[in-house]
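Heads up: the structure comes next, in structure tokens.
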Amino acid sequence: MAFSLFDSKGTDIDKQRFTWRDMVQKPISKLDDDAFTRIRVILINGLETEALRFGHLAARFNRDLRLPLAKVRRTEQHQATLVNWLIAADHSPLETTVAYEQVAIEVTAAIAQSEPDPYLAQVYRFGLLEDFDHLYRYAALLDRLEGKDANNILQSYTDILPGRPTSEQHRAPEDELREPYNARSAAFLSKVNALTIVASEYQTHDYYQNIGPLFSDPLARQLYAEIASVEEQHVTQYESMLDPGESWIEQWLLHEAAECYNYYSCVEQETNHHLRAIWERFLDYELGHFHMACEAFKQFERRDPADIVTSDFANPLALRSQRDFVRKVLMDEVDLRTDGPRFVTKALESPLSLSYRSMVNADGSPSEMVAAGYVWMPGTELNRKGMLAAAGVSAP
């Protein structure tokens with residue numbers, strides 16, 4: 001059933017209240033809850049932290065918006081806390097990293113298939129294969145550092161295979177910028193898709209920047225440094241799809257619409273009844289924020305919000321395993337590279353990126369080192385060696 005942002009006013013901002021106990025609820029189970037429950041938690045946390053980031057930036061440049069944005073940010077802060085605290089303490093930082101990459105793969109694949117603009121869909125497919133390879137590298141690190149099988153987190157929804165090699169993902173800034181959509185002619189869903197991916201990738205970048213230094217293993221520290229750099233490239237790539245001509249209030253309106261859409265998608269697909277109630281509550285809160293942005297849009301721009309929100313959402317974002325789609329993209333597009341905003345064959349890659357990559361990889365690539373000789377199989381490498389030894393076969 002289609003979802004309209006204008007059908008409900010949601011919960012009034014002055015009725016959006018929290019207590020500290022309310023803010024810190026029972027976390028999900030690492031192994032008993034479905035992996036897509038955790039995917040929804042991580043995705044929504046990314047949207048909430050992006051809402052906070054955008055709200056602060058917008059307030060710096062718009063005095064009249066400071067009070068309404070401050071009210072919304074207070075609720076967004078508490079929503080972000082409640083959602084992020086749903087990740088249980090039994091997840092190690094590296095297991096949570098594997099979960100973050102699963103989010104990037106499954107959400108980007110879902111968006112790529114829903115995206116009506118062929119060029120933007122290509123951008124998503126391009127980034128997808130890079131996150132796919134990050135998962136493979138972190139799975140190797142998890143096996144070798146903690147002796148754990150990444151599939152305990154992935155629950156067989158997502159393959160553990162090499163993608164576009166991380167060592168080949170390092171590009172010059174000139175080759176990271178994409179052509180932006182045209183705000184006046186782009187589909188409403190294209191704008192929401194772009195903001196969703198920006199939020200998700202920004203969160204991943206920040207998580208790796210904060211977690212990487214906490215490891216004692218030198219190779220783990222280097223791997224996080226390498227992949228965090230690629231995540232910054234991804235944020236640059238995806239945010240360059242946004243039309244820079246959109247006003248601050250127009251962007252605020254779109255941010256709130258994106259949050260509503262993603263909460264609606266969670267409500268429609270959540271299997272954990274406790275979390276489904278949280279998604280329903282926060283969807284009502286976000287509808288309240290959306291209508292606050294609509295009022296500001298009408299007051300300060302003298303425009304109808306329906307000029308921006310030009311359609312309903314026909315379907316929720318498909319938060320389910322996208323394995324077949326990912327495998328096809330991997331087969332067809334793993335050798336794509338960039339030259340400026342264009343996607344080209346490997347042979348035509350920009351000389352600027354080749355030069356940059358040569359420089360940054362001069363001392364070797366941590367992502368190549370950590371996965372040297374690694375091939376995922378159920379269990380861990382120790383399990384495989386044990387089975388081979390029992391069979392009288394030498395491990396490779």
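Not measured: the values here are computed from a predicted model.
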Handout entry: Arg276 to Tyr264 six-membered ring, cation-pi geometry met (6.0 Å, 45°)
Key = no
Exercise for the section: State, with a plain yes or no, whether a side-chain heavy atom of Phe36 is found less than 4.5 Å away from one of Gln155. Expected result: no
Problem - Distance-only polar pair, side chains of Gln79 and Glu48, donor-acceptor under 3.5 Å - result: yes
Exercise for the section: Kindly assign one of parallel, tilted or perpendicular to the pair Tyr119 and Phe343, based on the angle between their ring planes and the thresholds 30° and 60°. Expected result: tilted
Fill in the blank from the handout: residues 100-119 vs salt bridge (Lys or Arg N to Asp or Glu O under 4.0 Å), sequence neighbours excluded, gives none
Problem - Intermediate values then yes/no, salt bridge (charged side-chain N to carboxylate O under 4.0 Å, His left out), Lys346 and Glu168 - result: CA-CA 10 Å; Lys346 192 172 183 178; Glu168 298 180 23; 3.6 Å; yes
Practice task
Keeping to residues at least two apart or across chains, list the salt bridge (Lys or Arg N to Asp or Glu O under 4.0 Å) pairs with something in residues 201-221.
Solution key: Arg53-Asp206
Fill in the blank from the handout: With Glu130 as partner, the option from Arg125, Arg137, Arg171 fulfilling salt bridge (charged side-chain N to carboxylate O under 4.0 Å, His left out) is Arg171
Exercise for the section: May I ask you to check whether Ser92 and Glu146 show a side-chain donor-acceptor distance below 3.5 Å? Expected result: yes
Practice task
Using side-chain hydrogen bond (donor to acceptor under 3.5 Å, both in side chains) as the criterion, point out the one residue from His255, Glu256, Glu250 that pairs with Trp252.
Solution key: Glu256
Exercise for the section: Give a yes-or-no answer on whether the side chains of Thr108 and Asp131 include a donor-acceptor pair shorter than 3.5 Å. Expected result: no
Exercise for the section: Scan residues 311-325 for pairs that pass salt bridge (Lys or Arg N to Asp or Glu O under 4.0 Å), counting only residues two or more places apart or in two chains. Expected result: Asp159-Arg323
Practice task
Using the ring of Phe126 (Phe, Tyr or Trp, six-membered ring only), decide whether Arg164 places NZ or CZ under 6.0 Å from its centre and within 45 degrees of its axis.
Solution key: yes
Problem - side chain to side chain contact (heavy atoms under 4.5 Å, CB included) partner of Tyr124, the single match among Val107, Val329, Ile197 - result: Ile197
